[in-house]
Amino acid sequence: MPKIKINEQEVDVENGLTILQACESIGIEIPRFCYHEKLSIAGNCRMCLVEMEKSPKPIASCAMPVSDGMVIFTNSPMVKKARNGVMEFLLINHPLDCPICDQGGECDLQDQAMSYGRDSNRYIENKRAVNDKDLGPLIKTVMTRCIHCTRCVRFAQDVAGVSELGATGRGEEMEIDTFVEKTISSELSGNIIDLCPVGALTSKPYAFEARSWELQKTETIDIHDALGSNIRVDTRGREVKRVLPRINEDINEEWISDKTRFAFDGLGCKRLDRPWLKKDNKLVEVEWPEAFNAISEKIQSTEPNKIAAIVGDLADCESIFSLKKLFNNIGSPHIDCRQDGSLVDSSVRGSYIFNSEITGIDRADFILLIGSDPRWEAPVLNSRIRKRYLTGMLDIAHLGTLPSRENGLTYPYTNLGSEPNVLDDIASGNHEIIEKIKSAKFPMIIIGNSAVCRSDSLAILHKTREIAEKYNFIREDWNGFNFLNSVASRVGALDLGFVPGDGGYDFNSIITNSANGNLDMVYLLAADEFDVEKLSNSFIIYQGHHGDIGARNADVILPGAAYTEKNATYVNLEGRVQRTSKATFPPNDAREDWTIIRALSAVIKFPIPFDNIVELRQLMEKEYPVFSNIDLFQSQEWKPFGISGSINDTPLELSIRDFYMTNPITRASQTMSLCRSEFIKRINN
């Protein structure tokens with residue numbers, strides 16, 4: 001390890017670190033604009049200048065690797081003068097519009113000008129002006145403020161994998177722009193707002209909405225996909241104003257998808273805030289007792305074997321657990337959480353979680369994608385695969401259909417076709433990809449939802465498990481079998497066993513038996529992602545927070561709370577138990593979902609055994625110990641799953657066809673609607 005001296009303090013540092021990193025390792029702050037820990041080094045801004053012994057001029061600490069015997073000074077007169085000069089040059093063309101800039105109060109340029117800048121400006125020429133760019137419905141540009149740090153350019157190329165931003169011109173004529181005049185096509189584009197150290201790139205939906213010091217900040221998690229990205233929800237009063245990422249290196253690093261960041265405006269639209277009851281074939285507003293009494297009368301007159309329940313994609317574990325308890329008391333085995341019709345085995349946890357952990361991607365040297373499109377199913381996870389690919393130590397193969405080249409994966413891959421019977425060839429060793437699999441030290445399989453929503457799903461799972469066991473994907477120090485769930489509630493619901501009991505109907509059977517008149521009542525807990533009209537022969541109870549597909553076809557509507565309005569538990573795709581925090585309150589008469597179910601159970605004379613969330617969680621943890629470990633990954637014992645059988649040649653289709661419209665919140669979001677329109681326009685052009 002090199003030994004260097006920083007401000008007269010001797011330090012042992014790791015090989016490969018830069019001077020900037022070495023300084024920060026001992027608590028010395030180095031100002032910077034262009035440097036970012038997750039991006040390639042550019043050395044553009046020169047704000048990180050330090051003095052090095054025997055060097056005639058200051059050096060850029062972000063780009064200089066440490067070497068043994070270095071002597072560094074970070075606060076000498078030379079360094080102070082250099083930083084003053086750099087800041088003066090950066091402010092030459094920067095407009096004096098801080099009072100109207102959305103970055104005000106969170107601006108690196110403001111902070112560093114105060115700490116490291118001069119107290120006056122000697123530049124008396126006219127400032128230059130730059131035309132603003134149209135980067136789409138999400139990102140507002142005021143390019144006169146740009147200081148050419150190129151963070152946005154490097155993010156687009158390195159992390160997002162869309163090389164659409166770049167610098168044109170030289171010197172005073174340099175501008176950041178898209179190479180061809182169009183919007184940015186990345187599903188991660190909103191992250192450049194956080195990366196921009198000035199007010200050149202800001203959030204278009206958030207423009208002139210609030211100041212940072214006016215907002216109440218709540219740390220919680222995202223539920224728009226199964227990754228469980230750590231986020232911060234900023235509210236003013238009862239209104240969500242913005243969503244920002246929190247750093248969690250094990251899950252989302254410091255990125256979030258555009259859907260996570262911008263769909264929050266859907267929380268205030270099309271909300272269910274009162275109970276509704278269908279009278280004379282028309283829904284009318286009622287009070288809670290009347291809605292509960294209508295349900296009670298129906299349940300009392302219905303055989304338990306003719307009542308079913310379906311859990312949707314955004315339901316939390318507390319409400320799922322409560323609903324399962326209620327149906328156990330009623331005596332109905334017809335429950336299911338797989339509203340996409342998938343056939344995963346809930347009895348083997350290792351068959352439906354991401355066993356290698358998300359961080360396992362950082363070690364993988366071969367990934368076999370089966371019926372999975374990580375770019376749209378889990379965009380932040382996809383960026384991690386790209387990061388690993390850029391190291392040059394990862395090969396990727398894909399089995400299944402993908403979108404067009406523009407909207408496909410953000411890294412090269414070997415195309416194995418779209419027919420899953422290719423798995424038979426791989427298992428028997430008669431496929432060209434076998435050599436890459438055998439040479440890999442940490443091979444990984446990522447299987448997606450589209451592979452388990454078919455009649456031959458169990459055979460595909462069995463064959464995939466066979467491949468994993470045969471070719472070193474599974475061993476004592478490594479489990480490379482990963483299932484990529486795409487919805488937030490699924491892993492938690494499977495952990496809670498919200499699947500058919502003995503003789504119970506699964507999702508497809510519930511639909512069929514409702515159509516045949518064999519089911520008289522169906523309880524939908526935030527279940528919207530299917531054709532609810534197929535249940536029209538049954539009495540439908542819909543509990544959720546938006547007037548979406550399920551509510552439009554319901555006989556009784558019970559208004560619940562969205563994820564920002566409750567303290568709730570979710571389990572992410574790797575089986576990590578996480579909890580949301582209440583950032584605001586549900587509107588009007590809406591209530592947290594588990595409390596609705598608890599109150600209903602008392603009215604229908606099937607009470608469930610808890611009265612508050614503490615008792616509920618204690619019972620849930622007692623019956624399902626996996627919920628006792630919050631924010632921890634829990635490895636699973638490898639067990640057999642799937643059923644041996646023939647795999648047909650029907651292509652593996654995409655499970656997500658419209659990234660911007662995947663749940664009731666996004667469908668209510670005006671911003672997501674604009675993104676969708678822009679996306680369709682871009683494809684047509």
Side-chain angles (χ1 to χ4, degrees), residues 219-231 246 248 250-252 260 310-325 335-340 342 344-360 377-378 380-381 446-449 452 479 481-499 525-527 561-564 566-581 592-594 613 616-637 641 662-663:
E219 295 186 349
T220 183
I221 61 169
D222 170 56
I223 50 83
H224 288 291
D225 58 35
L227 190 71
S229 297
N230 285 221
I231 59 173
R246 286 191 293 131
N248 188 321
D250 292 336
I251 299 176
N252 59 303
T260 299
I310 300 172
V311 159
D313 294 346
L314 305 183
D316 60 271
C317 292
E318 285 83 358
S319 61
I320 296 170
F321 180 73
S322 301
L323 188 60
K324 184 182 180 184
K325 282 293 181 186
I335 60 175
D336 204 349
C337 63
R338 301 163 296 185
Q339 66 168 339
D340 53 7
S342 62
V344 294
D345 188 349
S346 65
S347 65
V348 182
R349 195 169 194 252
S351 70
Y352 61 81
I353 67 169
F354 210 88
N355 289 284
S356 66
E357 300 182 68
I358 296 167
T359 54
E377 293 174 341
V380 177
L381 182 141
I446 299 179
I447 183 168
N449 267 14
V452 296
N479 187 337
F481 180 90
N482 298 306
F483 190 88
L484 181 57
N485 279 288
S486 57
V487 298
S489 69
R490 187 65 49 80
V491 176
L494 292 172
D495 284 345
L496 291 167
F498 203 91
V499 292
L525 179 58
Y563 74 105
T564 56
K566 56 188 174 183
N567 298 306
T569 304
Y570 289 87
V571 186
N572 80 342
L573 57 83
E574 59 181 352
R576 192 185 299 262
V577 180
Q578 301 185 102
R579 285 181 176 162
T580 64
S581 297
E592 293 188 29
D593 292 287
W594 77 266
I613 196 168
L616 188 162
R617 286 176 173 170
Q618 287 175 345
L619 183 59
M620 186 167 69
E621 292 170 10
K622 180 181 179 181
E623 295 187 12
Y624 303 96
V626 69
F627 289 93
S628 301
N629 300 306
I630 307 299
D631 294 327
L632 297 176
F633 174 78
Q634 303 171 64
S635 59
Q636 300 299 310
E637 181 183 355
F641 56 86
T662 53
N663 60 57

Rounded to the nearest 0.5 angstrom, the CG-CZ distance for N485 and R490 is 6.5 Å
Walk me through it: do R349 and D495 pass the test side-chain contact (heavy atoms from CB on, under 4.5 Å)? CA-CA 7 Å; R349 195 169 194 252; D495 284 345; 2.8 Å; yes
Check for a donor-acceptor pair, side chain of Q634 on one end and backbone N or O of V626 on the other, with a separation under 3.5 Å. yes
Of N252, T260, N230, T580, the one forming a side-chain hydrogen bond (donor to acceptor under 3.5 Å, both in side chains) with D222 is T260
Do the non-hydrogen side-chain atoms of V577 and E621 ever get within less than 4.5 Å of each other? no
Identified side-chain contact (heavy atoms from CB on, under 4.5 Å) counterpart of N663 within the set V487, L314, D313, D225: L314
Nearest heavy-atom neighbours spanning N479 and N482: O-OD1, 4.4 Å
Assert yes or no for the condition that the ring centre distance of F641 to F481 is strictly below 6.0 Å. yes
Where do S322 and L616 come nearest, in terms of heavy atoms and distance? OG-CD1, 3.4 Å
Could you list the residues that satisfy ring-ring contact (aromatic ring centres under 6.0 Å, His included) with F354, not counting sequence neighbours? none
Stepwise side-chain contact (heavy atoms from CB on, under 4.5 Å) check, I251 with L227: CA-CA 7 Å; I251 299 176; L227 190 71; 4.0 Å; yes
Under 3.5 Å, is there a donor-acceptor pair between the Q636 and N355 side chains? no
Mind listing the closest non-hydrogen atom pair of G575 and V491 along with its distance? CA-CG1, 4.2 Å
Between atom CH2 of W594 and atom CG of L525, what is the distance when rounded to the nearest 0.5 Å? 14.5 Å
Has the side chain of R338 got a donor or acceptor atom that lies under 3.5 Å from a matching backbone atom of V344? yes
Rounded to the nearest 0.5 Å, what's the gap from NZ on K325 to CG on L496? Could you check? 10.5 Å
Quick one: are Y563 and I221 in side-chain contact, heavy atoms under 4.5 Å? no
Calculate, to the nearest 0.5 Å, the distance between atoms CD and OG1 belonging to Q578 and T220 respectively. 9.0 Å
Which atom of K566 lies closest to which atom of A561, heavy atoms considered: NZ-O, 3.2 Å
For the student: nearest non-hydrogen atoms of I335 and G497, plus distance: CD1-O, 4.4 Å
For F633 and T359, run side-chain contact (heavy atoms from CB on, under 4.5 Å): C-alpha distance rounded to whole Å, both residues' side-chain angles, the deciding distance at 0.1 Å, then the answer. CA-CA 11 Å; F633 174 78; T359 54; over 6 Å; no
Rounded distance (nearest 0.5 Å) linking atom CZ of F498 with atom OG of S489: 10.0 Å
Can you list everything that forms a side-chain hydrogen bond (donor to acceptor under 3.5 Å, both in side chains) with E574? Sequence neighbours excluded, please. N572, R576
All heavy atoms of R246 vs all of I231, minimum pair found to be NE-O, 2.8 Å
Give, for atom OH of Y570 and atom CG of D316, the distance between the pair rounded to the nearest 0.5 Å. 4.5 Å
Under a 4.0 Å N-O cut-off, is there an ion pair linking E623 with K324? no
Backbone of E219 reached by a side-chain donor or acceptor of S581 within 3.5 Å: yes
Begin with the C-alpha distance, continue with both residues' side-chain angles, and end with the deciding distance and a verdict on side-chain contact (heavy atoms from CB on, under 4.5 Å) for H224 and T662. CA-CA 8 Å; H224 288 291; T662 53; 5.6 Å; no
